[in-house]
There are 2 protein chains.
Amino acid sequence: MNFVNLFKSLGDETRLRLLNLFLQSGKKICVCEMVDALQLPQYQVSRHLTILRNLDLVKTTRQGTWIYYEANWEASECVRDLFEIIKKHFKNKYSDDIKNLNARLELRNGDYCVIGYSMFERKNK
Amino acid sequence: MNFVNLFKSLGDETRLRLLNLFLQSGKKICVCEMVDALQLPQYQVSRHLTILRNLDLVKTTRQGTWIYYEANWEASECVRDLFEIIKKHFKNKYSDDIKNLNARLELRNGDYCVIGYSMFERKNK
DNA sequence: CTCCTATATGCGTATATGCAAATATATGCA
DNA sequence: TGCATATATTTGCATATACGCATATAGGAG
């Protein structure tokens, strides 16, 4: 594992916010839910997720069209130590993201996302 | 403390190597000693040290013309946690730097650097 | 197969970042 | 004061990185 690239990947606010979602919630989250949580365009969320996945910081599960992301706790010990740090020190940071995420998770059917992008957006307008 | 800038500062090999020197040795080290340890030009070492100091990751002591740098363990808890991670996971990384540092520290008079740049360079030619 | 939706990815551009060389600042000493 | 040395900073340039837009891919439903 390349430590420089590892820290570099954490040196971006969007990626920290994404990781924070996984680490604070402990859940698998799909892209459209992250879009609503962070209030960022889909292509931006997707691109940063790709960077995190290339470094094995997150792993994915496909469920039909939806792709769920989660923190990869099977990564190296160093990564896991960093996860703990973020989890610990970001408790009260980016709390709006967590609030938005929870509001969005309410719309799930059981453990799965059933609405796409449009409905939540309309709900807030 | 801005976490993004904190991680960004760690996302550079030169800065990681500098921090590693402080964390593995536990010593105060002056710029010319770091130049010999990392085998990098003086302006590069100096510039990266400035970045680390602006984030309070390192602190300095002036001793005449020489300026000694060390890890700042009075920084925030998050920084200290990160220091521990680097210390732990970099034990066997950049070991040449540590070897060079130790060779250079041999030339100290007690706890202080007494030679400048030229002598060590000549020694290795 | 066709259409719809969730996700990913080229591409161009603006900004950020690192390097090299030269120069500036600061301290000690004669 | 003037000189030598240790350290810092400025400038120009090359490269990397993030963003926005548009489009491509992939899976599900009919």
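A note on names: the letters A, B, ... follow the listed sequences, proteins ahead of strands, and every chain is numbered from 1. Just so it is clear, the values below take in all heavy atoms, side chains as well, and ignore hydrogens, waters and symmetry mates.
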Asker: Nearest whole angstrom, please: distance from the C1' of D/dA16 to the CZ of A/F7.
Answerer: 20 Å
Asker: Under 3.5 Å, side chain of B/N72 to main-chain N/O of B/D56, donor-acceptor pair present?
Answerer: yes
Asker: Can you tell if the side chain of B/D97 reaches within under 4.5 Å of the side chain of B/N20, non-hydrogen atoms only?
Answerer: no
Asker: Nearest whole angstrom, please: distance from the C1' of D/dT9 to the CZ of B/R53.
Answerer: 12 Å
Asker: Between D/dA16 atom C1' and A/I51 atom CD1, what is the distance in whole Å?
Answerer: 12 Å
Asker: Rounded to the nearest 0.5 Å, how far does CZ of A/R17 lie from CG of A/D96?
Answerer: 9.0 Å
Asker: In whole Å, I'd like the distance from the OH atom of B/Y112 to the P atom of D/dT5.
Answerer: 23 Å
Asker: Report the base-pairing partner of C/dT9 (Watson-Crick or G-U wobble, both distances below 3.5 angstrom), or none.
Answerer: D/dA22
Asker: Could you state the atom-to-atom distance from CG of A/D12 to P of D/dA18 in whole Å?
Answerer: 5 Å
Asker: Could you state the atom-to-atom distance from OH of A/Y117 to P of C/dC4 in whole Å?
Answerer: 18 Å
Asker: For atom NZ of A/K59, is the number of surrounding heavy atoms from other residues, nucleotides or ligands below 6.0 Å larger than 12?
Answerer: yes
Asker: Taking atom CG of B/L82 and atom CG of B/L6, what is their separation to the nearest 0.5 Å?
Answerer: 5.5 Å
Asker: Does OP1 or OP2 of C/dT7 have a side-chain N or O of A/S46 closer than 4.0 Å?
Answerer: no
Asker: Does the structure show a Watson-Crick or G-U wobble partner for C/dC29, both distances under 3.5 Å? Name it, or say none.
Answerer: D/dG2
Asker: Just verifying a value: how many Å separate B/L18 CG and B/Y94 OH, rounded to the nearest 0.5 Å?
Answerer: 10.5 Å
Asker: Give me the residues of residues 14-22 of chain B where at least one heavy atom lies under 4.0 Å from an atom of DNA chain D, by number, or none.
Answerer: none
Asker: Can you tell me the distance, in whole Å, between the CG atom of B/L38 and the P atom of D/dT7?
Answerer: 14 Å
Asker: For the pair A/R62 (side chain) and A/G64 (backbone), establish whether a donor and an acceptor sit closer than 3.5 Å, ignoring hydrogens and angles.
Answerer: yes
Asker: To the nearest Å, how far apart are A/I29 CD1 and C/dT7 P?
Answerer: 12 Å
Asker: What string of B, S and - do you get for nucleotides 21-30 of chain C, 5' to 3', if B is base contact, S is sugar-phosphate-only contact and - is no contact with any protein heavy atom under 4.0 Å?
Answerer: BB---SSS--
Asker: Would you mind classifying the nucleic acid contact of B/Y69 as base, sugar-phosphate or nothing, using non-hydrogen atoms under 4.0 angstrom?
Answerer: sugar-phosphate
Asker: Look at B/H48 and C/dC19 and indicate whether a side-chain polar atom (N or O) is within less than 4.0 Å of OP1 or OP2.
Answerer: yes
Asker: Is A/Q44 close enough to D/dG20 that one of its side-chain N or O atoms is under 4.0 Å from OP1 or OP2 there?
Answerer: yes
Asker: I'd like to check the side-chain contact (heavy atoms from CB on, under 4.5 Å) partners of A/N102; sequence neighbours left out, ordered by chain and number.
Answerer: A/I98, A/L105
Asker: Just say parallel, tilted or perpendicular for the rings of B/H89 and A/F3, cut-offs at 30° and 60°.
Answerer: tilted
